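See below for the structure under consideration.
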Amino acid sequence: MIDPVPAADPARPDPEPFVAPLPMEGDPDACFAGDRGVLDPAVRRVLVRLLQRRFLLAERHPEDWRVLLDHQHLVESRLHELFVRLVVDQGRGVAYKQQVRAEGLDAPILLRDEAYSRAETLVLVYLRTVYQRESSSGEPAARVDVEEVEQTVLSYFAETDGDLAKRQRAVRSALTRLRQDGIVDEESEGRYRVGPLVEIVLSAERLRELDAWLRERTAEPEGETR
């Protein structure tokens, strides 16, 4: 036997057929109107900063670094969906991203290589050499003055690179770019501390190649070119 459907009570209004949308103010997990994301705001910020910056440094951004380590697998998952690999070097306190490139993988390229200029590369070679020397001798940190950087790096420039003032500006601009990337920190005016990031940017193998090239180029007789 089927129970009869009770008649509608005219004194009581019909219930709403749909669930009323919840305003943003009533949803504590939403960051903005229409938000469909599932990550906490702190994790989202770390993800954005990894995409914005070339490196994320524990020393400069300790809070972001803590969030990254606490949610590393989640951040990696989101980057992998973009064909981007996350590299976390806890020993050096640095995290950075790499474009995934694999044979047979048809993946769009999101990250473009930001090559260093010639002046920046020459400064990097000198900084990497100093860092390696100081580390090998047991020194806790490597420091350089802008004058000593100029003295060495300017010897690698050619006459066609402009007058002395122009070359000096190129060296100082290179130091500014490397400071922005976190490779050096300016402890006082004209005095820089070289960070461990220089080992990642310029590997020992690449340093040997560049050093050999510079020595060969410097040893060439004046006027001889290759």
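These numbers come from the heavy atoms of this one structure, side chains and all, not from hydrogens, waters or symmetry mates. Predicted, not measured: the structure shown is a model, and the values here were computed from it.
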How long is the span from the [atom1] atom in [X] to the [atom2] atom in [Y], to the nearest 0.5 Å?
| X | Y | atom1 | atom2 | answer |
| --- | --- | --- | --- | --- |
| L57 | D89 | CG | CG | 11.0 Å |
| L122 | T152 | CG | OG1 | 11.0 Å |
| L127 | L178 | CG | CG | 6.5 Å |
| E76 | H80 | CD | NE2 | 5.0 Å |
| L39 | R45 | CG | CZ | 11.5 Å |
| D64 | L47 | CG | CG | 11.5 Å |

- What's the verdict on side chain to side chain contact (heavy atoms under 4.5 Å, CB included) for L50 and V48, showing C-alpha distance, side-chain angles and the deciding distance? CA-CA 5 Å; L50 281 168; V48 171; over 6 Å; no
Minimum side-chain heavy-atom gap [X]-[Y] below 4.5 Å:
| X | Y | result |
| --- | --- | --- |
| L56 | Y96 | no |
| R133 | S137 | no |
| V87 | Q98 | yes |
| D181 | V201 | no |
| E59 | R92 | no |
| I109 | F83 | no |
| Q90 | L69 | yes |
| L74 | R78 | yes |

Taking [X] for the side chain and [Y] for the main chain, is one N or O donor matched with an acceptor at less than 3.5 Å?
| X | Y | value |
| --- | --- | --- |
| K97 | R53 | yes |
| D35 | G37 | yes |
| E148 | D145 | yes |
| S135 | Y131 | yes |
| Q99 | L110 | yes |

Salt bridge [X]-[Y], side-chain N to carboxylate O under 4.0 Å:
| X | Y | result |
| --- | --- | --- |
| R167 | D163 | no |
| D185 | R179 | no |
| R44 | D40 | no |

Cation-pi check, R118 to F157: give yes when NZ or CZ is under 6.0 Å from the six-membered ring centre and within 45° of the ring axis, no otherwise.
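Yes.
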Check: Relative to Y116, does R54 satisfy both conditions: NZ or CZ under 6.0 angstrom from the six-membered ring centre, and within 45 degrees of the ring's axis?
Finding: yes
Between [X] and [Y], which heavy-atom pair has the shortest distance, and what is it?
| X | Y | value |
| --- | --- | --- |
| R60 | G182 | NH2-CA, 3.5 Å |
| L175 | V184 | O-CG2, 4.0 Å |
| A170 | A119 | O-CB, 3.9 Å |

Problem set entry | Exceeds 12 heavy-atom contacts within 6.0 angstrom, atom CD of Q151 | no
Side chain to side chain contact (heavy atoms under 4.5 Å, CB included) assessment of L82 paired with V100: CA-CA 9 Å; L82 303 176; V100 173; over 6 Å; no
Starting from [Y], can I reach [X] by hopping between I/L/V/M/F/W/Y residues whose side chains sit under 4.5 Å apart?
| X | Y | value |
| --- | --- | --- |
| V94 | L111 | no |
| F55 | V46 | no |
| I200 | L79 | no |
| L197 | W65 | no |
| Y192 | I183 | yes |

ask   = Do E120 and L124 pass the side chain to side chain contact (heavy atoms under 4.5 Å, CB included) test, and can you show the C-alpha distance, the side-chain angles, and the key distance before you say yes or no?
value = CA-CA 6 Å; E120 290 162 354; L124 265 175; 5.6 Å; no
- Item | Among E186, E134, E187, salt bridge (Lys or Arg N to Asp or Glu O under 4.0 Å) partner for R143 |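 Answer after filtering E186, E134, E187: E187.
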